[in-house]
Amino acid sequence: MQRKAIVPALLALAALLVPASGVLASSVSSTITMQFDLSAQDSSRETRLWIPYPTSDEDQTISRIRVTGDYQQCAVYTDKVHQTPMLYAEWPAQAKSRKLDLFFTVDREEVVRRDFPAWEGAWDPADYALYLAPTGLAPRGGRAEETAARITRGKSTVLAKARAIYDWTCENTFRDPETRGCGTGDICKLMEKPGGKCVDISSLFVALARAAGVPAREVLGIRQGKGDAQDITTWQHCWAEFFLPGYGWVPVDPADVRKMMLTQNLKAGDAKTAEYREYFWGGLDAYRVRLSRGRDLTLNPRQEGAPVNYLMYPFAQIGDKTLDWLAPETFRYTIAYEKSEG
């Protein structure tokens, strides 16, 4: 894929995304360490832990994976629907120590995908049914479907519909710092109050795109650090992709547009806002790692209870009790970043 010239927005992005050198990296290499200690939890029942397991793709290379711990068994599995990889470990009842460490190296590239073809290729929506389907928190019908129809009225191509929905999402959502974690992506609530964090804003784009007949999906990951070593335990991040026939999957990140607007006190009509909107339309900085995709997951081995909304944080159960993955101080896990030479 031919790289395009970096847009002016990167000059402003540098202040938030890169070290004090002021140079935006087109690739980032690091070692990520995830450490889990469930020893303080109730030990009267079996303990089970699922962790999103990173894999390589065209934008990142995962290597030097190492897993250590005192688990009874541990293996990598995928779910049946999305083929989302996950590291699973379990400890028997009465185990006093329950620890696991996951280490891996990631080489991540900046993504620039805007060299779109002049004509869209023929495609069969049946081939992308999974990415056009409703989910538990994004049902069919209602205001989302009506809004998608209004946004895309007069648009005949997938690209034009996706761009209209992206622009609408950038203009009509807001980042709510009070949202817990990355949000839940509850579309019915978001249609009433379109504020939240990255899962909410990305999921709204995905739901509107699907309602308009554009295949789309959330991408769940974590941000890399910008210094030599940083604690990134709470740096999870979600963005989105839509499928363009004859081209492939195109990334968009309206949530980061809204984050930049909040942190830099920007208005919708500001020149910097326009630059961010152009950058995150088909562009992603290198300071992130993809961990998983998919909503409404049935984990493997199967968890107790309802489907899991998404697997971006670690997920653990003591018997049939699910631990609060948004409370790492009580769940007891840390995620650390350490810069490495690419």
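Throughout, residue positions are numbered sequentially from 1 according to the sequence presented.
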Margin query: Could you go through R150 and E145, starting from their C-alpha distance and side-chain angles, then the distance that decides it, and tell me whether this counts as salt bridge (charged side-chain N to carboxylate O under 4.0 Å, His left out)?
Written below: CA-CA 9 Å; R150 184 175 68 255; E145 196 162 302; over 6 Å; no
TODO: Scan side-chain atoms only and decide if E90 and Q73 contain a donor-acceptor pair under the 3.5 Å cut-off.
DONE: yes
**Asked** Would you say F205 and W239 make side-chain contact, with heavy atoms under 4.5 Å?
**Response** no
- Query: Can you tell if the side chain of V252 reaches within under 4.5 Å of the side chain of F280, non-hydrogen atoms only?
  - Reply: no
message: Between R217 and E241 (side chain of the first, backbone of the second, donor and acceptor by atom type, cut-off under 3.5 Å), is there such a pair?
response: no
### Message
Taking the six-membered ring of W235 as reference, does the cationic atom of R288 (NZ for Lys, CZ for Arg) lie under 6.0 Å from its centre and within 45° of its axis?
### Response
no
Under a plain distance cut-off of 3.5 Å, with no hydrogens placed, do Y276 and Q264 share a side-chain donor-acceptor pair? yes
With no hydrogens and no angle check, do the side chains of S30 and Q224 hold a donor and an acceptor under 3.5 Å apart? yes
Here the side chain to side chain donor-acceptor pair (under 3.5 Å) pairs for residues 184-207, sequence neighbours left out, are R143-E192, S203-E218, S203-R295
Between T322 and Q317, do the side chains contain an N or O donor and an N or O acceptor separated by less than 3.5 Å? yes
TODO: Flag yes if more than 12 heavy atoms outside W325 fall under 6.0 Å of its CH2 atom; otherwise flag no.
DONE: no
Evaluate salt bridge (charged side-chain N to carboxylate O under 4.0 Å, His left out) for E278 paired with R114, printing each intermediate quantity in order. CA-CA 10 Å; E278 287 307 308; R114 303 190 193 93; 5.9 Å; no
* Asked: Do Q60 and V289 touch side chain to side chain, with heavy atoms closer than 4.5 Å?
  -> yes
Is there a donor-acceptor contact under 3.5 Å from the side chain of S39 to the main chain of R98? yes
Pairing donors with acceptors under 3.5 angstrom, does anything connect the side chains of D256 and Y279?
no
More than 12 heavy atoms of other residues, nucleotides or ligands under 6.0 Å from CG of D324: is that the case? yes
- Message: One thing to verify: whether D57 and R290 come together as a salt bridge, which I'm taking to mean a side-chain N less than 4.0 angstrom from a carboxylate O.
- Response: yes
Could you check whether H237 and R223, counting side-chain N and O atoms only, form a donor-acceptor pair closer than 3.5 Å?
yes
Quiz item: Does some side-chain heavy atom of K272 sit less than 4.5 Å from a side-chain heavy atom of K267?
Solution: no
- So does E178 have more than 12 non-hydrogen atoms from other groups sitting under 6.0 Å from CD? no
Would D79 and T298 count as having a side-chain donor-acceptor pair, cut-off 3.5 Å? no
The complete set of salt bridge (charged side-chain N to carboxylate O under 4.0 Å, His left out) pairs with one or both residues in residues 25-41, sequence neighbours excluded, reads D37-R332
Q.
Under a plain distance cut-off of 3.5 Å, with no hydrogens placed, do W281 and D253 share a side-chain donor-acceptor pair?
A. no
For K321 and D42, what are the C-alpha separation, side-chain angles and deciding distance, and is it a salt bridge (charged side-chain N to carboxylate O under 4.0 Å, His left out)? CA-CA 10 Å; K321 176 188 174 184; D42 176 19; over 6 Å; no
- Parallel, tilted or perpendicular: rings of Y310 and Y313 (30°, 60°): tilted
**Q.** D320/R45 ion pair, N-O < 4.0 Å
**A.** yes
Assess whether side chain to side chain donor-acceptor pair (under 3.5 Å) is satisfied between R64 and T31, documenting all intermediate values. CA-CA 9 Å; R64 300 176 184 174; T31 296; 5.9 Å; no
Those residues at least two apart in sequence (or on a different chain) that pass side chain to side chain donor-acceptor pair (under 3.5 Å) with D127 are none
